[in-house]
Number of protein chains: 2
Amino acid sequence: MSEPVDTRTAILDAAERLFSVRGFAATTIKQIGAAAGVNSALLYYYFADKETLYREVLGRLLTGLIAAGGKAFDEAHSPEEAIRSLVRAQAATLASTPFVPRLIARELVDNDASHATQHITKLAAEIFTRLCEMIREGQRAGIFRSNLDPQFAAISTISQMVYFHIARPAVGIILGHGTAGPPPDTARAFARHAADFAIAALTAPPSAIPRTPSPTRSRSRMSRRKA
Amino acid sequence: MSEPVDTRTAILDAAERLFSVRGFAATTIKQIGAAAGVNSALLYYYFADKETLYREVLGRLLTGLIAAGGKAFDEAHSPEEAIRSLVRAQAATLASTPFVPRLIARELVDNDASHATQHITKLAAEIFTRLCEMIREGQRAGIFRSNLDPQFAAISTISQMVYFHIARPAVGIILGHGTAGPPPDTARAFARHAADFAIAALTAPPSAIPRTPSPTRSRSRMSRRKA
DNA sequence: GTCTATAGGTGGATAGAC
DNA sequence: GTCTATCCACCTATAGAC
């Protein structure tokens, strides 16, 4: 994280930052070498080529994320607490490394020429299915609404923190902090909100949902014509 | 959208698709020319350089999105209906042009070397503030919970559909459809879910929120130690 | 308006000295 | 292990014929 001992780590650190900020295609080998304080040709001593280096960066990153997410679940003792814990872990991880979420976002977006399919699959398996299971458990216990798809609910829950950090500049503008993005305490406040928002949506009694002129559970997708 | 009449539009269409799928840096002028069915040198007759072309693509796109979002609000007659209408509009726009959300995602992520700050600002002003105002209106009317930051709630609401489409491959894996992403009917189902999820979170009575051993409104951020 | 040809520059990757 | 020097491919952009 600071003053890496060996050259290999220095290169990985520099590459992680540059790939995150500029993207794979826009980052050059020479830039990485310069940022790592070594000659660019040296990269080929440690890594086969640019793409291999990129994959190693991704692997290191996602492995850490999976571990952090798993830990969050291990510490929880109830479905609700698990969700709060996960959102908190998301917020902590994303906030501590401002450029990491960008790299993941790029990877998701670039996924046609996918580099990290296996890691994403693992992330899905480890974190996501556990979150789904937590939601199902809450439903069985009667704490959470049963008329809710657990998988969809899990996506909605996770999406909030991810979006907040990925769309950082846009969120900054929206909240009136400029393109630099919101300050850390706003990020923490949003993390608390995100957990509350998800819990509220999960625990709301079914009667509280549809009670307006708009068609809610009807199959028709036509919105009412102007009267 | 299909068989464009003039060359300029053909180039813009081809560029939109390629920039979306591969990103700005990874897309070459020659690829765009080939995809548009014209010689690559011709691009410089219509556009000053690659970056200008990119900006025009973005402008065309975001202008359309802003218009679609505004229309969604105009058709609504209640705060709840407005939210459903907006989520529906999001889903329709994102689904009809599968590669567009990626381009926007890239732009958000790439925002350090920002190309679209002005457009994002406008999008924020036009859509986001209207959504916030709708939420406030619902709060005043007693339909929505008052112990909720309208801006945060707006972000949470919007994040769901955006994340679903941006993280398409990951979502596909998660839901068991493979990296190609979820089929259209799953996307539609999620859109209905997203609106419900947001409305449920907004309308839940305050009493329904904190009722577990975990510290909820207390200031302490320490999670309970293992017993 | 659309093409051919090409200049000018940069990037990924290798050879080989130290 | 780390560096210098360099090759080759390819990319942006321009010049100019048609």
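A, B, ... follow the sequence lines: proteins, then strands. Residue 1 opens every chain.
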Distance in angstrom units between A:Leu53 CG and C:dG12 P, rounded: 11 Å

CA sep, side-chain torsions, deciding dist, call: B:Tyr163, A:Tyr163, ring pair (Phe, Tyr, Trp, His ring centres under 6.0 Å): CA-CA 7 Å; B:Tyr163 179 81; A:Tyr163 179 81; 9.2 Å; no

Sugar-phosphate only, base, or nothing, as touched by A:Ile29 at under 4.0 Å among non-hydrogen atoms: sugar-phosphate

Under 3.5 Å donor-acceptor, B:Ser85 side chain and B:Ala76 backbone: no

Nearest-Å distance for atom pair CG/C1', residues B:Asn39 and D:dA13: 13 Å

N or O in side chain of A:Thr7 less than 4.0 angstrom from D:dG1 OP1/OP2: no

Of the listed nucleotides C:dA13, D:dT4, D:dT12, the one nearest the side chain of A:Asp49: C:dA13

A:Leu175 backbone acceptor or donor facing B:Gln151 side chain under 3.5 Å: no

Considering all heavy atoms, the nearest A:Leu103-A:Phe19 contact: CD1-CB, 3.8 Å

Between D:dC11 (P) and B:Arg22 (CZ): distance, integer Å: 11 Å

Phosphate OP1/OP2 of C:dC3: any B:Tyr45 side-chain N/O under 4.0 Å: no

B:Tyr44 vs D:dT14: side-chain N/O to OP1/OP2 distance below 4.0 Å: no

Below 4.0 Å: OP1/OP2 of D:dT12 and any side-chain N or O of B:Lys50: yes

Ring pair (Phe, Tyr, Trp, His ring centres under 6.0 Å) partners for B:Phe152, two or more places apart: A:Phe190, A:His193

Interatomic distance where CG belongs to B:Leu42 and C1' belongs to D:dA13 [whole Å]: 14 Å

Nucleotide nearest B:Val38 when distance is taken to its side chain, options C:dA15, D:dT12, C:dC3: C:dC3

Side-chain N or O of B:Ser40 closer than 4.0 Å to phosphate OP1/OP2 of D:dT12: no

Between C1' of D:dC10 and CD of B:Gln31, the distance in whole Å: 11 Å

Atom-to-atom span, CD1 of B:Ile32 to P of D:dA13 - whole angstrom: 11 Å

Nearest-Å distance for atom pair CG/C1', residues B:Leu43 and D:dT12: 11 Å

